[in-house]
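The next block holds one structure in the form of structure tokens; read it before the comments.
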Amino acid sequence: MPILAALLAALAAPAPMPSTPHWRVDWGEPRCMLIREGGASDPYLAIRYVPGERRPEIWIIDPRWKARSFGNTGAIRLLLRPDAGEPVGRFLFLPVGKTGRYALAAEDGGEDFLDRFSRANAVGLQRKDGEILSIATPGAAKAVAAVRACEDNMLRAWGMDPVVYRSLRERPKPINVVQWLAPSDYPDSAVREGVSGASVTRLNVTAEGKVTSCAVVVPSGSPDLDKATCSGALRRGRYEPAVAADGRKVASLVIFVVRWQIFG
């Protein structure tokens with residue numbers, strides 16, 4: 001899970017721990033991250049996403065956890081309280097860099113997670129045998145507003161109007177996105193040189209769901225990877241089109257991210 005691995009450096013960076021719980025927003029390019037920090041011995045929560053994707057990673061870190069604190073994580077669920085929405089699952093248990101700390105991490109909290117989180121006053125982790133921990137989230141609505149300011153700033157920098165983006169009743173949804181790029185699309189030059197990276201692009205999508213243009217807004221560091229990203233989106237990309245507030249299908253802009261990584 002390369003996107004999860006990329007967050008390790010941010011969470012592992014040395015910083016003085018607060019004496020009381022508080023919120024922090026990190027505007028690290030090209031993602032926005034909201035962190036609920038506690039004291040040195042308290043668990044804390046991190047939510048991070050690429051603006052325009054809106055399917056955030058969720059990290060829970062507890063200084064008390066050790067390498068063998070969790071075996072099977074399949075039954076672990078994150079619940080927002082008092083919201084009765086769908087719990088978040090599919091957690092991995094990972095070391096946080098070389099800090100000696102460990103985290104439970106989920107790659108996809110769901111598109112509506114931030115909206116639901118803004119109404120919550122606590123986050124709970126549970127498994128079949130009971131609760132693992134609970135983190136109070138007072139002021140979550142203001143914290144989410146702050147991280148959305150980060151999102152708005154990045155969307156503008158990438159050529160998108162955040163007001164238009166949020167006014168859509170339904171945002172464009174990719175169709176069979178896993179088929180847009182195949183292992184054979186990984187550029188030979190990048191494979192030979194062992195190059196990995198994330199290409200963040202802006203796509204023009206018609207009211208019929210066709211991708212008509214692709215612009216790289218945050219390069220991966222490899223022109224070949226960026227070119228392959230746009231090539232796949234233009235050749236195979238299809239969307240369920242955006243729906244405006246009045247119910248019409250409309251053309252729109254969308255952020256499309258490909259994380260290229262060589263395994264083995």
Side-chain angles (χ1 to χ4, degrees), residues 1-26 31-49 53-147:
M1 301 176 71
I3 188 170
L4 291 179
L7 184 55
L8 292 175
L11 293 179
M17 294 301 296
S19 56
T20 58
H22 75 286
W23 295 102
R24 176 163 64 91
V25 175
D26 188 317
R31 298 175 178 89
C32 298
M33 181 160 62
L34 177 62
I35 304 170
R36 177 65 176 173
E37 295 179 312
S41 60
D42 297 326
Y44 62 99
L45 164 75
I47 303 167
R48 192 180 79 150
Y49 65 102
E53 279 200 321
R54 300 300 297 277
R55 305 187 75 88
E57 308 162 37
I58 303 168
W59 289 68
I60 306 287
I61 299 173
D62 191 326
R64 299 169 295 181
W65 290 342
K66 306 300 180 185
R68 298 183 182 276
S69 292
F70 298 97
N72 183 4
T73 60
I76 294 176
R77 297 290 184 269
L78 180 145
L79 298 92
L80 299 177
R81 297 170 177 149
D83 184 13
E86 188 71 19
V88 177
R90 303 182 66 181
F91 279 88
L92 295 177
F93 189 56
L94 303 169
V96 182
K98 298 180 179 180
T99 64
R101 294 187 175 187
Y102 292 84
L104 284 167
E107 189 175 23
D108 184 355
E111 188 171 352
D112 65 343
F113 182 81
L114 277 178
D115 292 331
R116 295 194 295 125
F117 183 78
S118 70
R119 300 189 294 271
N121 57 36
V123 169
L125 272 181
Q126 291 186 342
R127 55 186 173 188
K128 291 181 179 179
D129 58 356
E131 185 167 272
I132 299 170
L133 58 76
S134 179
I135 299 175
T137 58
K142 290 184 177 179
V144 169
V147 80

Compare every heavy atom of [Y] with every heavy atom of [X], then report the nearest pair and how far apart it is.
{"X": "G110", "Y": "P56", "result": "O-CD, 3.5 Å"}
{"X": "V96", "Y": "T99", "result": "O-OG1, 2.7 Å"}
{"X": "P138", "Y": "A136", "result": "CD-C, 3.3 Å"}
{"X": "A122", "Y": "T137", "result": "N-OG1, 3.1 Å"}
{"X": "A140", "Y": "A120", "result": "CB-O, 3.6 Å"}

If you define the side chain from C-beta out and look only at heavy atoms, does anything of [X] sit under 4.5 Å from [Y]?
{"X": "I35", "Y": "L45", "value": "no"}
{"X": "L78", "Y": "F91", "value": "yes"}
{"X": "F70", "Y": "R127", "value": "yes"}
{"X": "C32", "Y": "V25", "value": "no"}
{"X": "R36", "Y": "Y44", "value": "no"}
{"X": "L104", "Y": "L125", "value": "yes"}

Euclidean distance, [Y] [atom2] relative to [X] [atom1], rounded to 0.5 Å:
{"X": "L34", "Y": "I58", "atom1": "CG", "atom2": "CD1", "result": "11.0 Å"}
{"X": "I135", "Y": "R81", "atom1": "CD1", "atom2": "CZ", "result": "11.0 Å"}
{"X": "I61", "Y": "Y102", "atom1": "CD1", "atom2": "OH", "result": "12.5 Å"}

D108: partners by side-chain hydrogen bond (donor to acceptor under 3.5 Å, both in side chains), with sequence neighbours left out: R55
Could I get the full list of side chain to side chain contact (heavy atoms under 4.5 Å, CB included) partners for [X], not counting sequence neighbours?
{"X": "L79", "result": "R77, P87, Q126"}
{"X": "D112", "result": "R116"}
{"X": "D115", "result": "R54, R119, R148"}

For side-chain contact (heavy atoms from CB on, under 4.5 Å), just list the numbers for L114 and Y49, CA-CA rounded to whole Å, side-chain angles, deciding distance to a tenth of an Å, and then say yes or no. CA-CA 10 Å; L114 277 178; Y49 65 102; 3.4 Å; yes
All pairs passing side chain to side chain donor-acceptor pair (under 3.5 Å) where residues 62-75 contributes a residue, at least two apart: D62-R64
